[in-house]
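Letters go in sequence order (proteins before strands), and every chain restarts at 1.
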Amino acid sequence: MFVGAVFFPLLGATLAGFFGRWLGDRASQWVTVLCMALAAFCGVSAFIQVALGHAPAVIEIVTFIDVAGFEVNWALRYDTLSVVMVAMVTFISTLIHIYSVGYMSHDPTTPRFFAYLSLFTFMMLMLVTADNLVQLFFGWEGVGLASYLLIGYWYEKESANRAAMKAFIVNRVGDVFFMLGLALTYWTFGTVEFATMFAGIDQHLGDTFLGMRSLEVIGVLLFLGACGKSAQLGFHTWLPDAMEGPTPVSALIHAATMVTAGVFLVARMSPIFEQAPVALTIVTIVGASTCLFAATIGCVQNDIKRIIAYSTCSQLGYMFFAAGVGAYQGAIFHLFTHAFFKALLFLGAGSVIHAMSDEQDIRKMGGIWRKIPATYAVMWVGSLALAGVPFFAGYYSKDFVLEAAYASHTAAGMFAFICGCIAAFLTAFYSWRLIILTFHGEPRADHHTMEHVHESPWTMLVPLVLLAIGAVAVGALFVEYFVGHEWEAFWNGSIVNGAANHIMHAVHEVPSWVPLAPTVIAIAGILLAYVMYMAAPQLPAMLAARFHGIYLLLLNKWYFDELYDRIFVRPARRLAYMLWKVGDARIIDGMPNGVAALVLEGTRGAVRVQSGRVASYAFSMIIGLVVFVTIFLLGATR
Amino acid sequence: MNAAGFPLLSLLTFLPLVGALIILTVRGDEKIVASNARWTALWTSVITFALSLILWVQFDKSTADFQFVERLSWMPNLGLNYVMGVDGISVLFVLLATFLTPLCILASWEAITTRVREYMIAFLVLETMMVGMFCALDFVLFYVFFEAVLIPMFLIIGVWGGARRVYAAFKFFLYTLLGSVLMLLAILLLWYRAGTTDIVQLMSTPMPAEMQTWVFLAFFASFAVKVPMWPVHTWLPDAHVEAPTAGSVILAGVLLKMGAYGFLRFSLPLLPEASAMFAPFMFTLSVVAVIYTSFVALAQEDMKKLIAYSSVAHMGIVTLGIFTFNAQGLSGALYTMLSHGIVSGALFLCVGVLYDRVHSREIARYGGIAKVMPAYALVFMLFTMGSVALPGLAGFPGELLVIVGAWRVNPWVALGAATGMVLGAAYMLYLYRRVAFGRIQRDELRALFDMSPREHAIFAPLVIMTLWMGIYPQSFLDFFAASVAQLVSRHEAALGAARLAGM
């Protein structure tokens, strides 16, 4: 069961990837779906056994590397933290596989798509079940590869290739820090295995590295790695571009699972972060800034998928600052609920795009809600959950996260609380802006497209409905376990809160207005969107004209791409060319070539000796021989 | 005698030469000669490889001693002997050489049409020299093989190469020879002092620190060119570009390892103090190599040149790992050497597949290959990822170990090595994108055939090795664990002794 949950997807990927041509499209689709369903079954049973039955397990497979104490094993670690992820990933991935059967039905190379999708799931599962940092890194890079392949799935599109490369390289920048963090971890603890590492923390509290505390440095390095994967401020530029991939990919990888790996890493390393207050403060501030920053951009974007992408970025910020204030459980809870409603939103958006003949610009939509009522309904559910409206899944987790920020009573925590509240307002605003512009008002698409607007096939609707149920229910269902009264038994030590960290209790003692605030704010946001886009549709244009500078700044995503292009990409290109043409060709090669030219001059004279006559060569050889023999004999006789 | 019961290493070394002699005797119609030469070369190299597997099975991993040792007196008056033997450091390189040669011969099956007989002879001679070099336990014997490798390679580049083959061949030859002359002087010095050139005996003959410095520099001149280290690397791109595909594979796969092997076999154990003294210098050159050549690779317009520069960057990781003097760094360096032998060899073969069809190495002429050659695109992707050290593929364990080892010595050096991860991803993915992705623009590309059964046969073993080395590296690391441990402990002991003497 434990092994099956991880390896069934790999089986599916292998079958579809290598034998797809013989199996045919249909068969390879359903083979992967079947494998995923089996994995999901195993994953959920594992969840019941490990998380609810409190029976963690570690399955060692084989030694990976063992060099003079640097010992790494392939192993599957099942504790509550990993099993929450396993169950969520397998379940959502199965739904998305089913959805893709319908969504990708017109694609000529579906086996390839399903192979990638299953490969991704396998890598993600390896990541969450890792019992050491190296295996985690294996999954970490593996999901990066799958993400690269899937973003660039339509490889004939130049923009898709560009986005895929960007995603991989930006992630790699983060991975450099991960790798260095791993090295420091090893030299601090003498191991990279979680259990041994966490057991030894007390002995290494005082270790220093370059004058700083080692644990702090490890925390910061690993967090920088997490920033790359989870698209935090500064590393976020790849995520919106990643929307070039097919929509199911965006739902699975760039919303529900892969991008949350960074949060998972912080939670997994909680024993170390607990001893690294500076690192945690950095996590809080970066998370809070990201959540606000991404939300501001989301308000003015016009591509339906990009809006949701920025929303994802913003929600990841929430998760990070929750972890930053020490409420890792809350971060994982938000991760868990977010996976449902954000996958739902993306798949809903996919359904809209499918209906609109691949149109993604919400300015060219509108007036279609009667034609695709099911999609319309699930988009409402997803948005309600995202905005944190009471009793939907997002309400429980977002509320908890904001309360935790408030309850931490630190400056960074308050900063996070304020950013989080503003972002909550903006979240509600852009969610309803999206709904209103997409579904209501006058149709803005051309006549031809409007005629073709149709509801999606059942393979797409069933996953949507199931996810919608999840987006409604998982919050209420699991709140007691994740962050409620049973949290200690549920987590069973897989997440560690330090001795001084009482946040899980303090949350319940915040002033009574704090839990109410998010709800009120969200409703205000919805009302504003209603006013601006339904009641007074001329208002947005007016505002855009009035505050032109700010509007442009947001529309162009705070000019991050331009900035990076200016300071990284272009100088790198120029430097590369210069090193090649000047450094290699002129300087390094110039010297020997110059010497060669000199020698050539000098040897013009010597050429005459080389007459080509064998007799004269033989003669000079004999002379030489004589000379050598003479020298030898002289030496021997002496 | 030894574990195999017969002189296995000599057999491995000289069997290819026997094959070459057989080919030499074939006479008759040109076509028949060519076909005979191909088959004989293939069979010879396959049999050699099969025999070399005995090493894999019978090698005792628990000891750092030399195994399968053979000893014949050669020039007893001068203290020169014919000594062969392998330890954990060299045994896998012997296997690497015997593994790659049959694949190279297969890869040349249709690509080489002129002077097939001579080509096959050159290749078999090359194999003899490579295997001999890794087995030699006498410094002079080593030197003979070390230098003799140049001759067949020089011919392969100069005769069957591309348009500028003569320039490239001479550059290759002169660069590598120039360094070696200094090494010969150093060898003479060692022989003069110790009265023997037996490597095992030399290791137990300590040398004054002053002299170590000079000998180290002499070795450095030879090995650094072979590695190649920055800034003496420029012969490599030219040689690769002009060499035929199989020549590039051997050049990248085995010949580049000779320099690093030399550092491991001679500089480190014989000259511990000088090695320690020069370590910062070596780190600097290595980090510069990683970053500098990665940038240069980014700007390349020729596929082979790009991969050649990437080789220099990878070898930078290797030299960096060697001079960390700790088990992780050394094991990582050895592992990177092996994985680079497989992966970059495979990448050159990938380029060869396209070159055979389109007769161009210019990146701009391609684009959209994935559409018409899906199987090829998959294989190419695999090796691309292997080259950027994706975990689970061959490149990763070595790079991980080197970075871990380097961190111990100096975190900034580790950071320098790790930047290679980003730049490596950049140039390799950029290459892949321009070749395989995009829309096909040229009609000639539309009609390309996917890989032939022969090409499948070439790539299959390489794919298996890449995955195996990535997923279960311990099966290889076991081979050199004992030798590396001994190298480290001896190095530390030697430094400790020197420190004591200094006090």
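B:R408 places no side-chain N or O within 3.5 Å of a backbone atom of A:W187 that could act as its donor or acceptor partner. At least one donor-acceptor pair closer than 3.5 Å links the side chain of B:Q328 to the backbone N or O of A:V67. A donor-acceptor pair under 3.5 Å is absent between the side-chain atoms of B:W407 and the main chain of A:L182, judged by distance alone.
Atoms CZ and CZ, from B:F396 and A:F138 in turn, are 9.5 Å apart once rounded to the nearest 0.5 Å. Between the CG atom of A:D66 and the CG atom of B:L477 there is a distance of 8.5 Å, given to the nearest 0.5 Å. How far CE of B:M421 is from CG of A:D175: 5.0 Å, rounded to the nearest 0.5 Å. Rounding to the nearest 0.5 Å places CZ of B:F476 at 12.5 Å from CD1 of A:I65. Considering OG1 of A:T109 and NZ of B:K371, their distance stands at 7.5 Å, rounded to 0.5 Å.
Heavy-atom pairs under 4.5 Å with chain A peak, among B:A425, B:G438, B:G470, at B:G438. Contact count versus chain B (heavy atoms, under 4.5 Å) is highest, among A:N161, A:V62, A:L149, for A:N161. Interface summary for chain A: among B:A327, B:S475, B:P473, the most heavy-atom pairs under 4.5 angstrom belong to B:P473. Ranked by heavy-atom pairs shorter than 4.5 Å toward chain B, the options A:V170, A:L184, A:I169, A:N171 are led by A:L184. Across B:L330, B:T419, B:L174, B:V388, the residue that shares the most heavy-atom pairs under 4.5 angstrom with chain A is B:V388.
Taking the side chain as every heavy atom from C-beta outward, B:W412 and A:L210 approach each other to under 4.5 Å. Considering only heavy atoms from C-beta on, A:F209 comes within 4.5 Å of B:P411 through its side chain. Looking at B:R433 and A:R162, their side chains come closer than 4.5 Å, going by heavy atoms from C-beta outward. Residues A:V176 and B:L415 form a side-chain contact, since some pair of their non-hydrogen atoms from C-beta on lies under 4.5 Å apart. Within the 4.5 Å cutoff, the side chain of B:L400 has heavy atoms near those of the A:M179 side chain.
For chain A, the nearby parts of B:L390 are the backbone and the side chain; heavy atoms of each come within less than 4.5 Å. Only the side chain of B:D238 comes within less than 4.5 Å of a heavy atom in chain A; its backbone stays farther off. Proximity to chain A is limited to the side chain of B:L378, based on heavy atoms less than 4.5 angstrom apart. For B:Y309, the part lying near chain A is the side chain, with the backbone staying farther off; criterion is any non-hydrogen pair under 4.5 Å. If you measure heavy-atom distances from B:A485 to chain A, you find no contacts under 4.5 Å at all. Looking at A:L221, only its side chain comes within 4.5 Å of chain B, counting heavy atoms on both sides. In this structure, chain A has a heavy atom under 4.5 Å from the side chain of B:Y432, while its backbone stays farther away. Heavy-atom distances place the side chain of A:V134, and not its backbone, under 4.5 Å from chain B. Contacts of B:A481 with chain A are absent, with no heavy-atom separation under 4.5 Å from either backbone or side chain. Heavy-atom distances place no part of A:F178 under 4.5 Å from chain B, backbone and side chain included.
Contact between B:P391 and A:E141 at its shortest, heavy atoms only, is CD-CB, 3.3 Å. Smallest separation of non-hydrogen atoms from B:Y472 and A:T63: CE1-O, 3.2 Å. Shown here for B:I471 and A:W74, the closest heavy-atom pair between the two residues is O-NE1, 2.7 Å. Across all non-hydrogen atoms, the minimal contact from B:I403 to A:A183 is O-CB, 4.4 Å.
Taking the six-membered ring where the residue is Trp, A:Y148 and B:F437 present tilted rings, their angle falling between 30° and 60°.
The salt bridge (Lys or Arg N to Asp or Glu O under 4.0 Å) contacts involving residues 228-237 of chain B comprise nothing, where partners must be two or more places apart or lie in separate chains.
Residue-environment remark: CZ (B:R446) exceeds the threshold of 12 foreign heavy atoms within 6.0 Å.
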